[in-house]
Protein chains: 2
Amino acid sequence: MVDAPAVPFPSQRLSRAPAEPPRLRSIAHLRRFRRDQDIYGQEERNDTWYRVISGSARKYLTRADGRRQLVDIYLPGDLFGFTSRVHHRFAVQAVADQTLIACYPRWRVEALAEEDSATAREIIVQSFEALERLQEQMLVIGTVTAQEKVRHFLVYFHDRVSAGKDDSLALPISRYDIADMLGISAETVCRAFTDLRESGVISLQGPRHIKIMRRPSR
Amino acid sequence: MVDAPAVPFPSQRLSRAPAEPPRLRSIAHLRRFRRDQDIYGQEERNDTWYRVISGSARKYLTRADGRRQLVDIYLPGDLFGFTSRVHHRFAVQAVADQTLIACYPRWRVEALAEEDSATAREIIVQSFEALERLQEQMLVIGTVTAQEKVRHFLVYFHDRVSAGKDDSLALPISRYDIADMLGISAETVCRAFTDLRESGVISLQGPRHIKIMRRPSR
DNA sequence: CGATCATTTGACTCCTATCAAAGAAAGTGG
DNA sequence: CCACTTTCTTTGATAGGAGTCAAATGATCG
């Protein structure tokens, strides 16, 4: 089912690099980040909004007990760091090495959104997409068994990364990342991979290169 | 820590009934819903956006296996039903009887957002808040034990409902709702309530009326 | 006051977290 | 380019926790 709605907020971006409003682009500056380097930290002041140009990033939080909770993965085109709070609640760090990020001063984005409806619309579309990602992820986490969680996660993530091209998927993230996203242990994630492979649901070329053979009914 | 930022998108609404932009209000019409009545259905066309005036609503989805996943609870002032998709992925139904909902035709809201920055800002603020609720909920779900999930959920929900007035909380939702929100069984939720009461973390006046005695470190 | 629904408790099995360690892959420095 | 180190992935053993089925109690509504 392909949607091609005649509405201001398009249902699906056709490419992973969406049209950035020109006036928004003009206030950006670019920065490169190393693997695992923080783009912004937990509880940091929210002065800047960001967009992934290339590479990927994880949004996460470290709990009092040291456990890490991952709430989103950002891919090229994704705007992030926006909130109406003064301080961030989560941190975001680069996953891939040499991740390229566009940085926008918050006050300038907000001022621009006031007068330029294309910018306002871009913020709205991007936050809607973030919302839908989070909801999908909640569905994934809400399944009962670990095997189902991993299976649904792979399908969800495949649809994000490879936009329905084929059924193979190159994972940019580790088993630990998946575990911290799903709220289960990394060992359990591994066992789920093994079980899914043995039951023919997925096949593995390498640990990070999977192919989805059978999709779950959602 | 009270935030009073001099920025266009205020950090916290001071009351549960925020200032609705006048031009947005002018395109609304009001509807009442009975308990458990659908405000919109899963896979329904997204033609209308909504706001809770009084009462409450749950956003949920019924899975292929019949299990229900709850992803958000809407309280007075919350705007909902917005997405950039053509069809809804979730359904929303009234929790409380006689829930009063303002309905906005989607095309008129979108047209208004194009020319009226106050409307665009309201959409942005509301979707940011929805995002933050979902993230908080993900933190809740991401804790290890069921007892922790329930405990964190009660704190999270208390902060939403009673806005820090005191430590008591009147739950508008059932154990089943909580279970479907946390992805655990209703029996386990009950046991968690019992255990939390016995260990003095909460006290119960009635099943739906709790008092939080000790907060978890987050 | 009876009927229905929500909440609570019990018993049992299966699943997953945890601790431990081995094997595979990838990055580093000579 | 190779040896070495580090990180990532996989597998094993065990104990505790949660799902499920079942039933009793408590609350609510007509």
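Protein chains get the first letters and strands the later ones, always in sequence-line order, with residue 1 at the start of each.
Checked against ring pair (Phe, Tyr, Trp, His ring centres under 6.0 Å), B:Phe82 has the following partners two or more places apart in sequence or in another chain: A:Phe128. The side-chain hydrogen bond (donor to acceptor under 3.5 Å, both in side chains) test applied to A:Thr99 returns no partner, not counting sequence neighbours. Under the side-chain contact (heavy atoms from CB on, under 4.5 Å) criterion, B:Ala170 pairs with no residue at all, not counting sequence neighbours. Partners of A:Phe157 according to the ring pair (Phe, Tyr, Trp, His ring centres under 6.0 Å) rule, which considers only residues two or more places apart in sequence or in another chain, are A:Phe153. A:Asp38 is linked by a salt bridge (charged side-chain N to carboxylate O under 4.0 Å, His left out) to nothing, counting only residues two or more places apart in sequence or in another chain.
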N/O donor to acceptor pairs below 3.5 angstrom from side-chain atoms of residues 196-207 of chain A, sequence neighbours left out:
unit_1: A:Ser199; atom_1: OG; unit_2: A:Asp195; atom_2: O; d: 2.9
unit_1: A:Ser199; atom_1: OG; unit_2: A:Leu196; atom_2: O; d: 3.4

Please assess A:Tyr40 against A:Tyr50 for the test ring-ring contact (aromatic ring centres under 6.0 Å, His included), listing each intermediate value before the final yes or no.
-> CA-CA 10 Å; A:Tyr40 63 81; A:Tyr50 309 86; 5.6 Å; yes

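Rounding to whole angstrom units, CZ of residue B:Phe193 and P of C:dT7 are separated by 9 Å.
Annotation: side chain to side chain donor-acceptor pair (under 3.5 Å) contacts involving residues 179-189 of chain A, sequence neighbours excluded, comprise A:Arg68-A:Asp180, A:Ser185-A:Thr188. Counting only residues at least two apart or in different chains, side chain to side chain donor-acceptor pair (under 3.5 Å) contacts with residues 208-217 of chain A comprise A:His158-A:Arg215, A:Asp159-A:Arg215. Sorted by first then second residue, the salt bridge (charged side-chain N to carboxylate O under 4.0 Å, His left out) pairs that include residues 87-104 of chain B, not counting sequence neighbours, are A:Glu136-B:Arg89.
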Under a 4.0 Å heavy-atom criterion, the protein footprint on nucleotides 12-29 of chain C, written with B, S and -, is ----SSBBB---------

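Where the helix from C:dC1-D:dG30 to C:dG30-D:dC1 starts and where it ends, the local axes point in directions that differ by 60°; five pairs per end, rounded to 10°.
Where DNA chain D meets chain A (any atom under 4.0 Å from a heavy atom), the bounding nucleotides read 5' to 3' are D:dC8 to D:dA13.
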